[in-house]
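Everything numeric here is computed off the predicted structure, so don't read it as measured data. We name chains A, B, ... by the order of the sequence lines, and we start the count at 1 in each one.
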2 protein chains.
Amino acid sequence: MTIYDIAKKCNVSIATVSRVLNGSRRVSPETRERVLAVMKEEDYNPNPFARGLGLDSMKMIGVLCADVADTFYAKAVSLIENDLRQKDWNVVLCCTGSDDGKGAEYLRYLTQKHVDAIIIVGTPFSSRRDVAELERISSDIPIITINSDYHSPSAFSIVCDEKEGMRTIVKKLAEKNCSSILYLYDSLTYSGKQKLAGYRAGIDDFFLDAAPVLAQKIPRTLEAAENIVRKLIANDIFFDAIVTSEDLLAVAAQRAALKNGKAIPVIGCNNSILAECSTPTLTSLDNRLGDLCTMAVHTVTQLMSDRSAPVPTKTVFSAQIAERESFVFSVNQ
Amino acid sequence: MTIYDIAKKCNVSIATVSRVLNGSRRVSPETRERVLAVMKEEDYNPNPFARGLGLDSMKMIGVLCADVADTFYAKAVSLIENDLRQKDWNVVLCCTGSDDGKGAEYLRYLTQKHVDAIIIVGTPFSSRRDVAELERISSDIPIITINSDYHSPSAFSIVCDEKEGMRTIVKKLAEKNCSSILYLYDSLTYSGKQKLAGYRAGIDDFFLDAAPVLAQKIPRTLEAAENIVRKLIANDIFFDAIVTSEDLLAVAAQRAALKNGKAIPVIGCNNSILAECSTPTLTSLDNRLGDLCTMAVHTVTQLMSDRSAPVPTKTVFSAQIAERESFVFSVNQ
DNA sequence: TTGTAGGCGTTATCAT
DNA sequence: ATGATAACGCCTACAA
């Protein structure tokens, strides 16, 4: 079933069918009706490749992240996909896995499919070569980044101010008379650095214990978090609160702390379902993922619809705090 | 940069360039080198739309599920995407959200993009019309289903025998002298029905308490699970074990049970990260998602590479049990 | 309002 | 081994 078949059945030219297809007003109502009827009757779908060839677009957006199995990225991809589909855009998913210097390769997968734009969630790669490739690409096709610090001429950056968020958390803990805050983190991506910086800023602000041993970099696993907490306690390292760069780590840290008789505030990050599944439920830094994703999609559609529309190069949202059992900041706790 | 430009720069015809592009052996080594060199030099990428138009394929697979934000689907999509990319296939993601009779619409999004095949994870839709649309489509394009019971002429079904899995769990609980097993479930999709049937079969096998009140259908939320457990206990409904159709429900159920002084076995399903984040960690029915997805991708690639290859219409994996703290079956627990 | 014809960038079938 | 050339199915000036 092609545009020719439809044209023949309607006794019109393919141009007319094409016009109906694209909603042109330069078609008489009667012919339009007739063509539409035949189209429906024949269950006709225009060939997207041919259309893509002509329009240089198949209305597809590449979404790149490290791993959709991770609750944070999963939520992001979910939000993005839903928003985009509502506006008639499709998502081509691309997961890089661990950051082993193959980011450029993944970027190429996407550009080779000729997607209209790429949304990058987090920091799926960081090597010089990969970032260089990103810059090159960004001059050809719009790149929208969520919570990363890739800088490219035509890249649009959307971030959450997690640094201030962390700083606020430390502040609130300080106000509750915590003096030695253990900080567990798993990576030094953009987001990772921001959070660590926020933690350190908070420590400075309130002259809290700044011992290096209190900031521990560990793998992003339950075991790692559990082990480090157990070990620190066994070694008589004092701390009276735990903050982590990830809910997952907080879950295990809290578990280990409680198991070793330490009932102290534990605060996670990302405000994921894990925070709610933990017992006690975890207070968590909420990085406004919903707003970030909405903004990303809005930016994409804006750029696509109106090339000259003014689109902010950088958008910043402030973090929020989702309070739960693991630490309630309000007075009447 | 088109094939014409490359051809011109190499003083050959586009046919030769195309041959090089497609790895044909009918090109002299010297010309091949020359063409490849120019291609690299010019950073040439063949236009995927034009190629798609000629080959009637852009090597894209549609993946349809209810919601990638859900840990189960997220893991599935992650596994599928990784496997497919390794074989040079791309994933177009499509999430339906709640089953509100618009499944056909989502199927159409995918077919309109002319994907080469569709992998459906779970039961994203169930209405008559939606399923009818699926059947229609399945005659045009390969459909691979994971853990659903859509029956179509040319659909390939890959499932886990969760019924037997559940039955085994009930059996093991019975052997530990549990007599009244509370079963919490959230939906009656194919998978949902299987699990419920397995639970009932187990109850029958061992003449356990078959009171209807012990099988409760609730929303898939922590609150719902927590509430129902609290309510049952408050109403003096006796039960000495809890099994759920979802880890999420088990997390909350266990929490509520413990809070109300009931330290009983709690067993979830899907063996997700939630089972590990729960305290105590949850024993969970493992539906072999990894194997299901691997098989799905294998089926797709098989179908694509060799149209005549014998591909099983239905593949069944048996479930496994991931034992954790919430209930250890071994003797020396 | 409608039709004609060229172009989009490949692949593939012929010749040579 | 290489080169013309016809599809592939649609869009879009330009003409009528």
Side-chain angles (χ1 to χ4, degrees), chain A residues 1-39 42-60 88 90 111-116 140-141 304, chain B residues 1-39 42-60 88 90 111-116 140-141 304-305 307:
Chain A
M1 232 346 98
T2 76
I3 204 173
Y4 288 94
D5 303 320
I6 302 293
K8 199 164 295 174
K9 275 198 200 301
C10 296
N11 291 317
V12 295
S13 73
I14 62 163
T16 300
V17 178
S18 178
R19 286 193 198 96
V20 171
L21 217 47
N22 296 291
S24 163
R25 297 178 314 130
R26 304 190 168 288
V27 186
S28 78
E30 305 91 62
T31 29
R32 176 192 308 287
E33 286 314 307
R34 192 148 39 96
V35 173
L36 284 175
V38 173
M39 280 180 175
E42 301 291 333
D43 191 29
Y44 165 73
N45 280 121
N47 183 305
F49 305 146
R51 185 171 243 189
L53 193 55
L55 299 176
D56 198 37
S57 161
M58 262 183 67
K59 300 215 73 170
M60 299 193 310
D88 197 29
N90 278 75
T111 51
Q112 276 171 10
K113 288 303 174 213
H114 217 298
V115 295
D116 296 281
D140 300 333
I141 158 188
M304 295 300 138
Chain B
M1 231 350 93
T2 76
I3 204 173
Y4 286 94
D5 303 320
I6 303 292
K8 199 164 295 174
K9 276 198 201 301
C10 297
N11 291 317
V12 295
S13 72
I14 61 163
T16 300
V17 178
S18 180
R19 286 194 196 97
V20 172
L21 216 46
N22 296 290
S24 161
R25 295 178 317 129
R26 303 191 169 287
V27 186
S28 77
E30 305 91 63
T31 31
R32 176 191 308 287
E33 286 313 309
R34 194 150 37 98
V35 173
L36 284 175
V38 173
M39 280 180 173
E42 301 291 333
D43 191 30
Y44 164 73
N45 281 122
N47 183 304
F49 305 146
R51 189 171 240 185
L53 191 56
L55 298 175
D56 197 37
S57 161
M58 261 183 68
K59 300 214 71 170
M60 299 193 308
D88 198 29
N90 277 75
T111 51
Q112 276 171 9
K113 286 303 174 212
H114 217 299
V115 295
D116 296 279
D140 300 332
I141 158 188
M304 296 300 139
S305 66
R307 289 189 64 90

Taking only N and O in the side chain of B/R51, is any of them less than 4.0 Å away from OP1 or OP2 of C/dG9? no
For the pair A/M39 and A/V17, evaluate side-chain contact (heavy atoms from CB on, under 4.5 Å) and give the outcome as yes or no after the intermediate values. CA-CA 9 Å; A/M39 280 180 175; A/V17 178; 3.6 Å; yes
Set of residues satisfying salt bridge (charged side-chain N to carboxylate O under 4.0 Å, His left out) with respect to B/D43, sequence neighbours excluded: A/R136
Do you know the tightest heavy-atom contact between A/D56 and B/F49? C-CE1, 3.8 Å
Computed from five pairs at either end and rounded to 10 degrees, the angle between the axes of the helix from C/dT1-D/dA16 to C/dT16-D/dA1 is 40°
Expressed in angstrom and rounded to an integer, what is the separation of B/M1 atom CE from C/dT10 atom P? 11 Å
Interatomic distance where CD1 belongs to A/I3 and P belongs to C/dT2 [whole Å]: 15 Å
If the cut-off is 4.0 Å, is A/N22 near the phosphate of D/dC11, judged by side-chain N/O to OP1 or OP2? yes
What's A/T2 touching, base or sugar-phosphate or nothing? Going by heavy atoms closer than 4.0 Å. sugar-phosphate
Euclidean distance, atom CG of residue B/L55 to atom P of C/dG9 [Å, nearest integer]: 16 Å
Approximate separation, where rounding is to 0.5 Å, of A/I3 CD1 and A/R51 CZ: 8.5 Å
Closest contact, heavy atoms only, B/K113 versus A/M58: NZ-O, 3.0 Å
Length of the CG-C1' vector between B/L53 and D/dC8, whole Å: 4 Å
Measure across A/A7 and A/S13 and return the closest heavy-atom pair with its distance rounded to 0.1 Å. CB-C, 3.8 Å
Who passes side chain to side chain contact (heavy atoms under 4.5 Å, CB included) against A/K9, sequence neighbours left out? A/V38, A/E42
Nearest atoms (heavy-atom pairs only) where A/Y4 meets A/I14: CD2-CG2, 3.5 Å
A/Y44 to A/I6 - nearest heavy-atom pair and separation: CB-CD1, 3.8 Å
Which pairs, protein N/O on one side and nucleotides 3-7 of chain C N/O on the other, fall under 3.5 Å?
unit_1: C/dG3; atom_1: OP2; unit_2: A/S13; atom_2: N; d: 2.7
unit_1: C/dG3; atom_1: OP2; unit_2: A/S13; atom_2: OG; d: 3.3
unit_1: C/dG3; atom_1: OP2; unit_2: A/T16; atom_2: OG1; d: 3.0
unit_1: C/dG3; atom_1: N7; unit_2: A/R19; atom_2: NH2; d: 3.3
unit_1: C/dG3; atom_1: O6; unit_2: A/R19; atom_2: NH2; d: 2.4

If only side-chain N and O atoms of A/S18 are considered, is one of them under 4.0 Å from the OP1 or OP2 phosphate oxygen of D/dC11? yes
Taking atom P of D/dC11 as reference, at what distance in whole Å does atom CZ of B/F49 sit? 14 Å
What are the two closest heavy atoms between A/V115 and A/I141, and how far apart are they? O-CD1, 3.4 Å
Ignoring hydrogens and angles, write down the donor-acceptor pairs under 3.5 Å from the side chains of residues 24-31 of chain A, residues two or more places apart or on other chains.
unit_1: A/S24; atom_1: OG; unit_2: A/R26; atom_2: N; d: 3.1
unit_1: A/S28; atom_1: OG; unit_2: A/T31; atom_2: N; d: 3.3
unit_1: A/S28; atom_1: OG; unit_2: A/T31; atom_2: OG1; d: 2.5
unit_1: A/T31; atom_1: OG1; unit_2: A/S28; atom_2: N; d: 3.4
unit_1: A/T31; atom_1: OG1; unit_2: A/S28; atom_2: O; d: 2.8

Starting from C1' on C/dC8, measure out to CG on B/N47 and report it in whole angstrom. 8 Å
Strictly below 4.0 Å, heavy-atom distances to any atom of DNA chain C: list the hits from residues 23-38 of chain B, or just say none. none
Check the distance between D/dC11's P and A/M58's CE and give it to me in whole angstrom. 13 Å
